[in-house]
Number of protein chains: 2
Amino acid sequence: MSIIKSNTLKNIPFFKNCSDKTIEALSDQAQIIDLEKGSMLFSNKDKAERFYLVTKGWIKLYRETIDGAQSVVDILNANNVFGEVALFQNDTTSFSAEAAERAQVMSFPLCILKKEIENNSNLTMDMMLSMTRHARQQDQEIENRTLKNASQRIGCFLLRLVDQRKTGEIVIKLPYDKTLVAARLGMQPETFSRALNKLKDQIDLHVVGREIRILSLQDLTKYACSACSSEFPCHDIKS
Amino acid sequence: MSIIKSNTLKNIPFFKNCSDKTIEALSDQAQIIDLEKGSMLFSNKDKAERFYLVTKGWIKLYRETIDGAQSVVDILNANNVFGEVALFQNDTTSFSAEAAERAQVMSFPLCILKKEIENNSNLTMDMMLSMTRHARQQDQEIENRTLKNASQRIGCFLLRLVDQRKTGEIVIKLPYDKTLVAARLGMQPETFSRALNKLKDQIDLHVVGREIRILSLQDLTKYACSACSSEFPCHDIKS
DNA sequence: CGAGGGTTTGAAGTGCATCAAATAGTGTGG
DNA sequence: CCACACTATTTGATGCACTTCAAACCCTCG
């Protein structure tokens, strides 16, 4: 009897094309890991034998230099899978993972996934799709860092959080604390604070703690996405 | 009778696991395109129906904003394939392509590749591998832009051009002109020039046109890679 | 030899980082 | 429910890195 119901996994997009047998095997071998804020899940120096599913909280994926400077790769919440690319990299990952706040993840042996991929072309196709999506996000991110200033990067970050079809006044809640958003956008917390103030001067926008009220999405788009290219205007990449 | 020998394709890494039948089909439908410097091959706004193989010269992949600012995605030379990811993006690409200098490419219908992928898991695996590699390069690039200064980025660029096992004096020839290298590294030509001068002050290094003579790889690594993380020291990612 | 693009240099401005310190906010134990 | 400790956030002052604009130089190629 496994610690989790296989039903749990079936409802996660990543596993939707896995065979029942594999779901079963994964469930059997699953481990649940609770993480305090800031505690490390794995380091890029570790040999990767498992992959992970976020079940609660936020997980930060990052790279770290010798002198401690960090570059944030991604920040994931519930139902996102990570660490699976080690399969194609000789069981290594190029990043480390830690809890951005109190979090919980589930881990599974990579070898089970490996076997499934070899036989299941639907799953492979899913992974291709998600990798392509990720590649596009990365391209976009490089563009962001190269062509946009801090305020515009914040603007685009906000736009990706909302449903673009909405009109009128909109309230956006930052998904995690401002320091982390700053890191995610490749800037210092101080810069984030000042750049958000600058954004307030440019467009109608009110900030209360983590909540940001925007009066006109159009204005924000006009300001932030003037330096966007193919993904114009900024939106969540999901297709 | 096709315009190219199928042998030509079989020797390209990308096609090595394609079935003979598909190689044949690709050869039959191949088109050869000659490009003058600066001429555009396709735009991200076009619908993608073909993918490409570089046969001569250099092709620049880039994204462009409304006001003309460019962000270079990649710069490819002979035997590299591009545009194939459109298969997983509803026949769109998120970048445009143009000749960085006089160049030649071959184009093939995406639909042939699509059919092959559906039946050929070896090819799929190859593509996964190359996408993973690309993703890692992108992560590295984001790190570069975030954590390194201009001189260090140049240093790492040079390191990726040479065989790290060599010792003693080494001569590196820049693969394309300095303006393009600058764009590839996300900086202005002026900044490139000045940053290269700064590099000269830091380590023993001589520049004559496109040729750069380095006396000690170690010194360069020490200077440039102090802000590198997992891929330390900088090297060509090929495995 | 001359035209044009690539490259370098100079001068000035801008944006972000850094360091320091104040302020706001949050969770904990009493 | 309050006080304290600790963290997150903001603000100020300053410096550095890169960009921008302008102009000179150099190299190549017709």
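- Between the CG atom of Asn149(A) and the P atom of dA17(C) there is a distance of 12 Å, given to the nearest Å.
- Within the 4.0 angstrom heavy-atom criterion, only backbone atoms of the sugar-phosphate kind lie near Lys37(B); the bases stay farther away.
- Using cut-offs of 30° and 60° on the angle between ring planes, the pair Phe95(A) and Phe42(A) is tilted.
- In this structure, Tyr176(A) atom OH and dT26(C) atom P are separated by 19 Å, rounded to whole Å.
- One can place CZ of Arg145(B) at 15 Å from C1' of dT19(D), the figure rounded to the nearest angstrom.
- Contact check, Ser193(B) against dT8(C): a side-chain N or O comes under 4.0 Å of OP1 or OP2.
- Per the geometry, CD belonging to Glu101(B) stands 16 Å off C1' belonging to dC29(D), to the nearest Å.
- Applying the 3.5 Å distance criterion, the base of dG12(D) shares a donor-acceptor pair with the side chain of Arg194(A).
- Side-chain N/O atoms of Thr179(A) include none lying less than 4.0 angstrom from OP1 or OP2 on dA8(D).
- Taking the six-membered ring where the residue is Trp, Phe51(B) and Phe15(B) present tilted rings, their angle falling between 30° and 60°.
- We find that CG of Asn144(A) is positioned 18 Å from P of dG15(C), with the value rounded to whole Å.
- Looking at Glu190(A), its side chain comes within 3.5 Å of the base of dC19(C) through a donor and an acceptor atom.
- When the P atom of dT7(C) is taken as reference, atom NZ of Lys200(B) falls 14 Å away, rounded to whole Å.
- Rounded to an integer number of Å, the gap from NZ of Lys178(A) to P of dA24(C) is 13 Å.
- Glu143(A) has a carboxylate O that lies under 4.0 Å from a charged side-chain N of Arg63(B), or vice versa, which qualifies the two as a salt bridge.
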Test salt bridge (charged side-chain N to carboxylate O under 4.0 Å, His left out) on Arg184(A) and Glu141(A); report intermediate values, then the result. CA-CA 10 Å; Arg184(A) 167 74 184 70; Glu141(A) 196 55 40; 3.5 Å; yes
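- Contact annotation: Asn197(A) does not reach the phosphate of dT9(D) (side-chain N/O to OP1 or OP2, under 4.0 Å).
- A straight line from NZ of Lys148(B) to P of dC16(D) spans 23 Å, rounded to a whole angstrom.
- Using a 4.0 Å cut-off between charged side-chain N and carboxylate O, Glu98(A) and Lys60(A) make a salt bridge.
- Ala195(A) comes within 4.0 angstrom of nothing in the nucleic acid, heavy atoms only.
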